[in-house]
> 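A single structure is presented below for examination.
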Amino acid sequence: IRDKLVTGVQTCALPISTVEKIWPDLKLSYPCMLVSPMDAKTKLTFPLIAQTKMDGMRFNALVENGQVTYRSRAGKELDLFGALDKDVLALTAGEPFVLDGELLMAGPDGTTPMDRKTGNGLLTKFQKGTGTAQLAKQIRAVVWDIIPLECFRKGKCTIGYQERWRMLVTEKPGLIQVAPIHIVNSIEEAQTLYQQKLAEGEEGLVLKDPKGHWEDKRVKHQVKMKAELEADLYCVGVTAGTGKFQGKIGALMVESKGRDVRTSVGTGLSDAERSLDPSEFVGKIVAVKYNAIITDKKTGERSLFLPVLVEVREDKTEADAL
């Protein structure tokens, strides 16, 4: 029923958050705990748990009555052809729990993950219903949290994070890896580990309060350390290409929730993507990396400095707010 209501709301181009404000008892948004960005105002109380910031596609594995279902961050059901069922049931002992983590696609060696754009592009097929059993054999996952199903549906779990993580530890890893943890006792230790992860080609770190509860909101007891800024923005249109891109897409016109930030992004579009029909982008959420938010001194309008397209976010339906 929820899926049908969400589809109806999206067809009317209404933000789910707006509908929920009008009818508070109508819970349409899918439960999801988000971390906060780290900035100069962030207050950290050590010791903290540090984990590598993953670079795949967010997902949940829900176990109920001994059966496993998979959903995207936005709550859309994923058909993974049972590829991870055995490992999910092993991690949860078949009990009603929800695993939180990210899906990855294994490369030719069957172990090393593909790069984000390639891997997530293939994983998108399982959101669109075009995935295959053969392709599903390449799916791997990293999970970092386990939440009792009842608590997940209520939007709050009072079990501390470190205790939840310990529930995940297994001596027989299969296609699902449990995200390792490091204990950091100071900002200096966190920075050293952060630089190490960047040198290894990772995106950065997520710092977590060992006692932090799971909540259906953006929490302050988990923060992310990243080298580049990234925003998920709504694509409202395209501009026509010129020169060698004549007759193709030149750039995407994107904006934040509330239209506080508006910009165009062409860098990052491949030749193949520029040849696509604009409907492949317009009306969807796209991830954009950038260096800073800049403000036009004359008009007061905000845009992004050096924006680069990362990918289409098929797993999201709402843009980030300023």
> Are the side chains of Ile147 and Phe97 in touch, meaning some heavy atoms are under 4.5 Å apart?
no

> Is it possible for you to say whether Val35 and Leu48 belong to one hydrophobic cluster, with membership spreading through side-chain heavy-atom contacts below 4.5 Å?
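Per the 4.5 Å side-chain linkage, Val35 and Leu48 are not co-clustered.
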
> Going through the distances and angles, do Gln191 and Gln196 end up as a side chain to side chain contact (heavy atoms under 4.5 Å, CB included)?
CA-CA 9 Å; Gln191 288 284 6; Gln196 177 185 324; over 6 Å; no

> Keeping Glu189 on the side-chain end and Asn185 on the backbone end, is there a donor-acceptor pair under 3.5 Å?
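A pair under 3.5 Å: yes.
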
> What verdict does the side chain to side chain contact (heavy atoms under 4.5 Å, CB included) test give for Leu193 and Leu205, after you've listed the backbone C-alpha separation in whole Å, the side-chain angles of each residue and the deciding distance to 0.1 Å?
CA-CA 8 Å; Leu193 183 59; Leu205 286 180; 3.9 Å; yes

> When you look at Glu318 and Ile285, which way does the side chain to side chain contact (heavy atoms under 4.5 Å, CB included) test go after all the steps?
CA-CA 7 Å; Glu318 288 197 23; Ile285 302 296; 5.6 Å; no

> Can you give me the closest heavy-atom contact between Val68 and Ala61, atom names plus distance?
CG1-CB, 4.4 Å

> Answer yes or no: is there an ion pair linking Asp232 with Lys316, defined by an N-O contact shorter than 4.0 Å?
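A salt bridge is present here (some side-chain N lies under 4.0 Å from a carboxylate O).
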
> Taking atom CG of Asn120 and atom CD of Glu311, what is their separation to the nearest 0.5 Å?
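Spacing of CG (Asn120) from CD (Glu311) equals 4.5 Å.
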
> So, the side chain of Ser264 versus the backbone of Leu252: is there a donor-acceptor pair under 3.5 Å, distance only?
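Checking the backbone N and O of Leu252 against the side chain of Ser264, no donor-acceptor pair under 3.5 Å is found.
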
> Which pair of heavy atoms, one from Ala136 and one from Ala83, lies closest together, and at what distance?
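Distance-wise, the nearest heavy atoms are O-CB, 3.5 Å.
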
> How close do Ile183 and Pro47 get, heavy atom to heavy atom, and via which atoms?
CG2-CB, 3.9 Å

> Could Lys197 and Glu200 be called an ion pair, given the rule that one side-chain N must be under 4.0 Å from one carboxylate O?
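Yes, charged N to carboxylate O under 4.0 Å.
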
> When you measure from the side chain of Arg313 to the backbone of Lys284, do you find a donor-acceptor pair of N or O atoms at a distance under 3.5 Å?
no

> Might you work through the side chain to side chain contact (heavy atoms under 4.5 Å, CB included) test for Leu168 and Trp144, ending with a clear yes or no?
CA-CA 8 Å; Leu168 286 169; Trp144 56 74; 5.7 Å; no

> Spell out, as yes or no, whether a donor-acceptor pair under 3.5 Å connects the side chain of Asp277 to the backbone of Ser279.
yes

> Would you give the length of the straight line joining atom CG of Leu84 to atom CG of Leu103, rounded to the nearest 0.5 angstrom?
6.5 Å

> Can you tell me how far CG of Asp320 sits from OH of Tyr234, rounded to the nearest 0.5 angstrom?
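If I round to the nearest 0.5 Å, the distance is 14.5 Å.
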
> Any side-chain donor-acceptor pair under 3.5 Å between Tyr30 and Asp216?
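Asp216 and Tyr30 do not have a side-chain donor-acceptor pair below 3.5 Å.
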
> Between Tyr70 and Phe81, is the ring-ring contact (aromatic ring centres under 6.0 Å, His included) condition met? List the steps.
CA-CA 10 Å; Tyr70 302 91; Phe81 294 88; over 10 Å; no

> Less than 4.5 Å apart, any side-chain heavy atom of Tyr290 and any of Val265?
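No; the side chains remain at least 4.5 Å from each other.
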
> If Ile, Leu, Val, Met, Phe, Trp and Tyr residues are connected whenever their side-chain heavy atoms lie under 4.5 Å apart, and connections chain through other members, are Val312 and Met57 in the same group?
no

> Verify the cluster assignment for Val288 and Met253: are they in a single hydrophobic cluster under the rule of side-chain heavy atoms below 4.5 Å apart?
no

> Take atom CZ in Phe305; do more than 12 heavy atoms of anything else shown fall under 6.0 Å from it?
no

> Can you run down the salt bridge (Lys or Arg N to Asp or Glu O under 4.0 Å) pairs that involve residues 259-273, sequence neighbours left out, and say none if there aren't any?
Lys117-Glu273, Glu255-Arg259, Glu255-Arg262

> To check you understand the geometry: which heavy-atom pair defines the closest contact between Leu149 and Val63, and what is its length?
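Nearest pair, atom of Leu149 first, then Val63: CD2-O, 3.7 Å.
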
> Would you check if the side chain of Asp87 reaches a backbone N or O of Leu175 as a donor-acceptor pair within less than 3.5 Å?
yes

> Look at the side chain of Thr192 and the backbone N and O of Glu188, then say whether any donor-acceptor pair between them is shorter than 3.5 Å.
yes

> Can you see which heavy atom on Asn291 is nearest to which on Leu229, and at what distance?
O-CD1, 3.6 Å

> Is any side-chain heavy atom of Leu99 closer than 4.5 Å to a side-chain heavy atom of Leu62?
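No, their side chains stay 4.5 Å or more apart.
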
> Which residue pairs pass the salt bridge (Lys or Arg N to Asp or Glu O under 4.0 Å) test with at least one member in residues 94-111, sequence neighbours excluded?
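As it turns out, the salt bridge (Lys or Arg N to Asp or Glu O under 4.0 Å) pairs with a partner in residues 94-111, which skip direct neighbours, are Arg58-Asp100.
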
> Does a side-chain heavy-atom distance below 4.5 Å link Met38 with Lys224?
no

> Regarding Lys211 and Gln162, do their side chains bring together a donor and an acceptor under 3.5 Å, going by distance alone?
no

> Where the side chain of Asp209 meets the backbone of His221, is there a donor-acceptor pair that is under 3.5 Å apart?
no

> Any idea which heavy atoms bring Ala106 and Thr111 closest together, and the distance?
CB-N, 4.1 Å

> Do the side chain of Arg274 and the main chain of Gly266 share a donor and acceptor less than 3.5 angstrom apart?
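Yes, the answer is positive, given that a donor and an acceptor are paired below the 3.5 Å cut-off.
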
> Are Lys53 and Glu202 close enough for a salt bridge, meaning some N to O gap below 4.0 Å?
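No, no charged N to carboxylate O under 4.0 Å.
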
> Could you check whether atom NZ of Lys217 has more than 12 heavy atoms from other residues, nucleotides or ligands sitting under 6.0 Å from it?
no

> Hey, could you give me the CD/CG distance between Gln127 and Leu78, rounded to the nearest 0.5 Å?
5.5 Å

> Please report the interatomic distance SG(Cys151) to CD(Glu215), rounded to the nearest 0.5 Å.
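So the gap between those two atoms works out to 12.0 Å.
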
> Quick one: salt bridge (Lys or Arg N to Asp or Glu O under 4.0 Å) pairs with a partner in residues 290-309, sequence neighbours left out?
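Of all non-adjacent pairs touching residues 290-309, none passes salt bridge (Lys or Arg N to Asp or Glu O under 4.0 Å).
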
> Going hydrophobic residue to hydrophobic residue with side-chain gaps under 4.5 angstrom, can you get from Met105 over to Val310?
no

> Does Gly56 offer a backbone N or O that forms a donor-acceptor pair with the side chain of Arg116 under 3.5 Å?
no

> Would you please indicate if the ring centroids of Tyr161 and Trp214 are separated by under 6.0 Å?
no

> Indicate yes or no: at least one non-hydrogen side-chain atom of Val238 is less than 4.5 angstrom from one of Val282.
yes

> Are Ile187 and Val184 connected in a single hydrophobic cluster, I mean Ile/Leu/Val/Met/Phe/Trp/Tyr linked by side-chain heavy atoms less than 4.5 Å apart?
yes

> Mark yes when over 12 heavy atoms from residues, nucleotides or ligands other than Glu280 sit less than 6.0 Å from its CD; otherwise mark no.
yes

> Considering only heavy atoms from C-beta outward, does the side chain of Ile176 approach that of Val142 to under 4.5 Å?
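Side chain of Ile176 against side chain of Val142, heavy atoms only: no contact under 4.5 Å found.
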
> Can you tell me how far the OG1 atom of Thr158 sits from the CZ atom of Arg164, to the nearest 0.5 Å?
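The CZ atom of Arg164 is 9.5 Å from OG1 of Thr158, to the nearest 0.5 Å.
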
> Tell me, do Val206 and Val223 make a side-chain contact under 4.5 Å, heavy atoms counted?
no

> Taking the side chain as every heavy atom from C-beta outward, state whether Leu304 and Val261 have any pair of such atoms under 4.5 Å apart.
yes

> Taking Arg73 for the side chain and Cys32 for the main chain, is one N or O donor matched with an acceptor at less than 3.5 Å?
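Judged by distance alone, no pair lies under 3.5 Å.
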
